[in-house]
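Quick notes on the structure that follows.
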Amino acid sequence: MIQGVVETAALWGMPKWSPDHKCQEAILQASAAGPYTMNPEIPLSDVCRLLLPMAEEGSELIAGWVDDQVENHAGVLGSLFKEAPNVGAMLSVLLRYNPLHAAPIVWQVRPQGDYIFLSLWVEIDSTQDKHAAEVVAGTALMQVVSGLGAISEGAFKPHSINLTPSNVGLRWPSHFQSIPVNVDSPDTGVLIHRDVLARPNPGYRKGLTGFTQQANSALDAYKQGDLSAVLKSEIKGWIRATLPTGRYQLTRLAERMHCDKRTLQRRLARDLGVTFQCLLDESRDEVVLPMLRSGVFSVSLISNHAGFSNTGNFSRYFSQRFGCSPLSWCAEQDLVSSIK
């Protein structure tokens with residue numbers, strides 16, 4: 001199952017919209033006092049269970065619910081966003097403090113020309129959760145668009161919302177709050193023009209540093225509580241975000257973590273029992289296989305997105321990992337694929 005917890009604030013207003021008349025009761029029963037935050041938390045597996053009946057009614061129902069939430073779902077992040085003077089600082093708050101709000105959802109940023117791409121990844125432990133992970137990812141993207149847009153009084157407005165092709169036939173609306181929704185994207189995330197980052201946040205409230213200090217203490221406690229899992233999640237999230245840019249080398253990761261390459265290698269061996277190459281291969285698999293499975297993307301595009309300079313190198317990597325070519329793998333999976 002999907003592991004981890006989220007604040008119950010993320011489900012604000014759900015009982016009014018859900019076709020499950022016992023939704024409110026289920027939220028209360030599943031909630032517990034959070035060890036790292038001031039607010040109640042709910043296991044993400046229960047969030048999925050509550051979201052799926054809404055998805056079965058149609059993704060427009062989820063979009064309507066999120067539109068109705070405005071910023072009320074933000075929980076611990078709400079006050080932190082109001083301490084951010086501009087949109088760029090708001091995104092920094094999301095990247096830093098989201099583990100206190102929804103630990104299994106990983107956010108990463110990468111440059112993309114005149115834009116930045118804020119990508120989202122839901123950490124799952126089982127292929128049985130594909131449907132739930134898709135619903136959670138789409139919901140989280142719309143919540144960020146709606147919540148940040150409301151708090152910033154419209155200053156935050158992405159160019160597009162991007163979702164990877166659904167493996168279960170889930171259909172999202174073509175637009176959300178007048179923002180186009182692209183459902184054939186290599187990555188799940190939002191595309192934001194760089195000019196947007198400099199826009200001032202009208203909801204900015206200077207002088208809430210006490211709350212920031214409290215959040216920093218909670219974040220430290222969270223990271224110390226399961227250091228290995230947090231470290232692995234953060235590194236793999238960084239790798240997945242940087243693969244398309246080709247800037248995923250060990251030396252760059254070491255620079256980001258403020259240490260040298262050998263120190264990082266020793267830390268990976270000591271804390272995770274793995275090498276950087278192992279994490280790189282796992283992260284590539286998690287990017288490549290869903291793209292192949294979708295049958296939408298060409299081998300060339302998948303190769304570029306996985307950080308390979310040419311399709312020959314990609315094919316050699318794939319054969320070493322799976323013992324066959326990408327096209328043969330699709331055939332063995334009995335997939336109807338249009339990749340070439």
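We use all heavy atoms of the structure for the numbers below, so side chains are in, but hydrogens, waters and symmetry mates are not.
Remark: the backbone N or O of C324 is not paired with any side-chain donor or acceptor of S328 at under 3.5 angstrom. Formation of a donor-acceptor pair under 3.5 Å by the Q277 side chain with backbone atoms of V274 is not found in this model. Without hydrogens or angle criteria, S228 side chain to D271 main chain gives a donor-acceptor distance under 3.5 Å. At distances below 3.5 Å, at least one donor-acceptor pair connects side-chain atoms of S152 with backbone N or O atoms of L148. The backbone N or O of G307 sits less than 3.5 Å from a side-chain atom of Y248, completing a donor-acceptor pair.
In this structure, R240 pairs ionically with E123, as a charged nitrogen and a carboxylate oxygen lie closer than 4.0 Å.
Ring planes of Y115 and H159: perpendicular class, angle over 60° (limits at 30 and 60°).
With a 4.5 Å cut-off on side-chain heavy atoms, P111 and F117 do not count as touching. Two residues are said to be in side-chain contact when any heavy atoms from C-beta on lie closer than 4.5 Å; L163 and V181 meet this criterion.
To the nearest 0.5 Å, the span separating OG on S185 from NE2 on H305 amounts to 7.0 Å.
Within a 6.0 Å sphere centred on CZ of R247, heavy atoms belonging to other residues, nucleotides or ligands number 12 at most. Other residues, nucleotides and ligands place no more than 12 heavy atoms under 6.0 Å from the CZ atom of R262.
A cation-pi geometry, defined here as NZ or CZ lying under 6.0 Å from the six-membered ring centre and within 45° of its normal, holds between R284 and F308.
Among the candidates L170, V183, D184, the single residue satisfying the side chain to side chain contact (heavy atoms under 4.5 Å, CB included) test with P165 is D184. The side chain to side chain contact (heavy atoms under 4.5 Å, CB included) test with W65 is passed by exactly one of E60, K16, M142, Q143: Q143.
Under the 3.5 Å distance criterion, with hydrogens and angles disregarded, no donor-acceptor pair is assigned to the side chains of T8 and E41. Inspection of the Y97 and N216 side chains reveals an N or O donor paired with an N or O acceptor under 3.5 Å.
Legend: residues meeting ring pair (Phe, Tyr, Trp, His ring centres under 6.0 Å) with H175, ordered by chain and number and at least two apart, are absent.
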Donor-acceptor contacts, no H, no angles, side chain residues 46-59, under 3.5 Å, sequence neighbours left out:
| unit_1 | atom_1 | unit_2 | atom_2 | d |
| --- | --- | --- | --- | --- |
| D46 | OD1 | R49 | NH2 | 3.0 |
| S59 | OG | R171 | O | 2.1 |

